[in-house]
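Here's the structure, in structure tokens; my notes come after.
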Amino acid sequence: MILIDIETGSATPDSGIFQVAALVVEEGTIVDKQYAYQAEDEAMTPFGFGAGYARISDHTEMKAAFREMLDEYSYPVVSFNAAVDRTALIHDGWLDEGRECFSAQVAIKHTHPHLFSYTLSYLSHYFKIGLPLDHKAYLNSLLLFEVIKEASPLEWNPVHIAKPERDRRIFQGKSIVFTGASAYPRVRMSKAARGCGATVSNTITPKTDFLIVGKRPGSKLERARNLGITVISDEWFLETVSNEPAKEASPYTILDDVAGKTVYLSPMPSTYKKKVKTILNTMNVLWVHGVEDLEPEIVVHLDGARSRTGSDRTLSLSELNRMLLE
């Protein structure tokens, strides 16, 4: 892949490009790179949206070098928010409309559907990358490279091509292998596959058509990728072969060391609060709302934010997310 990150003036395509970073990745290794920018005021660069940088949208040499890299490597272009980045690059002539582009954010969300957030900053914390999110495109491209390695997305769909309709006939006459832990009984999935005219095997071979993947898939996933076999998630498979959408049991583990405890939620966006409260309410926690004479036993706080002192235990949002999915 050619992994890119750009800095623009806003989400609109005519706001201008101020930075372009590109990493050429082959078999998980960066083999080439580019970073196009012109700094004007370093003191302003932390504010983002092009602050402190010159607009390079029409910079002939930088644009030519970027396009030369695209010509040299015929790999698909991947960025975190490819829908926005692709539009800006096409608008300013850095990218041809026919070039395949993929969104890492969408691919990660499909493979990890139960995270609290899908911002690059949150994913960095969740996957324990340890690299900060910055307004420097090159550093963010390195961060995204590490996030993709840890997240190992299973399904990629070009942003400018509609996702294929989920048609159970695609499994007719195909060879299917299942791997990894799943919320669905394996016998049910195998029966559904055979009901669509597929054969089910336990071994990956060059004749395998689909590998259906749950959690912790192991060596079968690597072999399937090496053979170019189509990999799809168990959730996608069940939704495809069922007459009704698959109803999945809650993916979140009951935490014995949280159940029944007093919990305080530090200030955070309401979307996070609602998610955490919905999950922890199933564990009969007692919520503390700033009552000073009742110190909470557990504090949940945003990653990077200071946690309230005096509690027995503090958990960042991403740490709680990991625990619930273990």
Side-chain angles (χ1 to χ4, degrees), residues 3 5-8 10-11 18-19 21 23 42-53 79-81 84-85 103-109 111-153 252-253 255 257-258 261-280 285 287-290 295-326:
L3 187 61
D5 188 86
I6 69 174
E7 189 82 3
T8 58
S10 72
F18 295 84
Q19 299 178 63
L23 306 176
E42 287 289 348
M44 294 295 295
T45 58
F47 293 98
F49 298 107
Y53 293 93
S79 75
F80 186 66
N81 188 352
V84 173
D85 293 351
S103 168
Q105 184 183 49
V106 172
I108 291 170
K109 188 173 184 178
T111 304
H112 302 273
H114 304 294
L115 304 190
F116 294 162
S117 174
Y118 295 92
T119 65
L120 187 54
S121 176
Y122 185 81
L123 294 173
S124 175
H125 288 294
Y126 181 84
F127 290 110
K128 302 181 181 180
I129 305 301
L131 295 175
L133 185 66
D134 206 324
H135 290 294
K136 292 180 171 58
Y138 180 66
L139 295 180
N140 288 346
S141 67
L142 292 174
L143 172 57
L144 180 56
F145 171 67
E146 295 297 333
V147 166
I148 290 173
K149 284 202 301 184
E150 292 298 321
S152 298
Y252 302 113
T253 302
L255 303 176
D257 53 352
V258 173
K261 299 292 179 67
T262 55
V263 179
Y264 174 74
L265 287 184
S266 294
M268 62 181 66
S270 59
T271 52
Y272 293 151
K273 276 193 173 183
K274 183 178 180 181
K275 186 78 171 178
V276 173
K277 283 190 172 184
T278 299
I279 296 169
L280 295 191
V285 304
W287 298 105
V288 175
H289 303 287
E295 287 293 343
E297 297 169 282
I298 297 173
V299 171
V300 180
H301 61 89
L302 279 174
D303 291 272
R306 291 185 178 182
S307 63
R308 175 171 166 169
T309 58
S311 60
D312 294 338
R313 185 175 186 183
T314 62
L315 295 172
S316 70
L317 204 60
S318 65
E319 186 179 4
L320 175 64
N321 204 167
R322 284 195 300 272
M323 292 169 60
L324 288 167
L325 292 174
E326 287 178 351

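All values below were derived from every heavy atom in this structure, side-chain atoms included, with hydrogens, water molecules and symmetry-related copies excluded. Computed from a predicted structure; not experimentally measured.
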Check your understanding: Under a 4.5 Å cut-off applied to non-hydrogen side-chain atoms, are Leu320 and Leu255 in contact?
Key -> yes
Check your understanding: side chain to side chain contact (heavy atoms under 4.5 Å, CB included) between Leu115 and Leu325: does it pass, once the steps are laid out?
Key -> CA-CA 9 Å; Leu115 304 190; Leu325 292 174; 3.9 Å; yes
**Study point:** Non-hydrogen side-chain atoms of Leu144 and Leu3 separated by less than 4.5 Å
**Key:** yes
Point to revise | Step-by-step side chain to side chain contact (heavy atoms under 4.5 Å, CB included) determination, Val147 to Phe80 | key: CA-CA 10 Å; Val147 166; Phe80 186 66; 6.0 Å; no
Point to revise | Lys277, NZ atom: more than 12 neighbouring heavy atoms under 6.0 Å | key: yes
Review point. Looking only at heavy atoms, what is the nearest atom pair of His135 and Thr45, with distance?
Key: CB-O, 3.6 Å
Point to revise | His125 backbone acceptor or donor facing Asp303 side chain under 3.5 Å | key: no
Check your understanding: Any side-chain heavy atom of Tyr272 sitting closer than 4.5 Å to one from Leu265?
Key -> no
Exercise for review: Apply side chain to side chain contact (heavy atoms under 4.5 Å, CB included) to Leu302 and Ser266, showing your working.
Suggested key: CA-CA 7 Å; Leu302 279 174; Ser266 294; over 6 Å; no
Study note, to complete from the structure: Distance col, row Asn321:CG vs Ile279:CD1, nearest 0.5 angstrom, shows 7.0 Å
Check your understanding: When you check the gap from the basic side-chain N to the acidic O, do Lys149 and Glu146 get nearer than 4.0 Å?
Key -> yes
Practice item. Flag the pair Tyr53 / Gln19 as yes when at least one side-chain heavy-atom distance between them is below 4.5 Å, and no otherwise. Key: yes
Check your understanding: Yes or no on side chain to side chain contact (heavy atoms under 4.5 Å, CB included) for Arg322 and Lys128, after CA distance, side-chain angles and deciding distance?
Key -> CA-CA 10 Å; Arg322 284 195 300 272; Lys128 302 181 181 180; 3.2 Å; yes
**Study point:** Matching residue for His112 among Phe127, Tyr118, Tyr126 - test: ring pair (Phe, Tyr, Trp, His ring centres under 6.0 Å)
**Key:** Phe127
**Study point:** Side-chain donor/acceptor of Ser124 to backbone N/O of Leu120, under 3.5 Å
**Key:** no
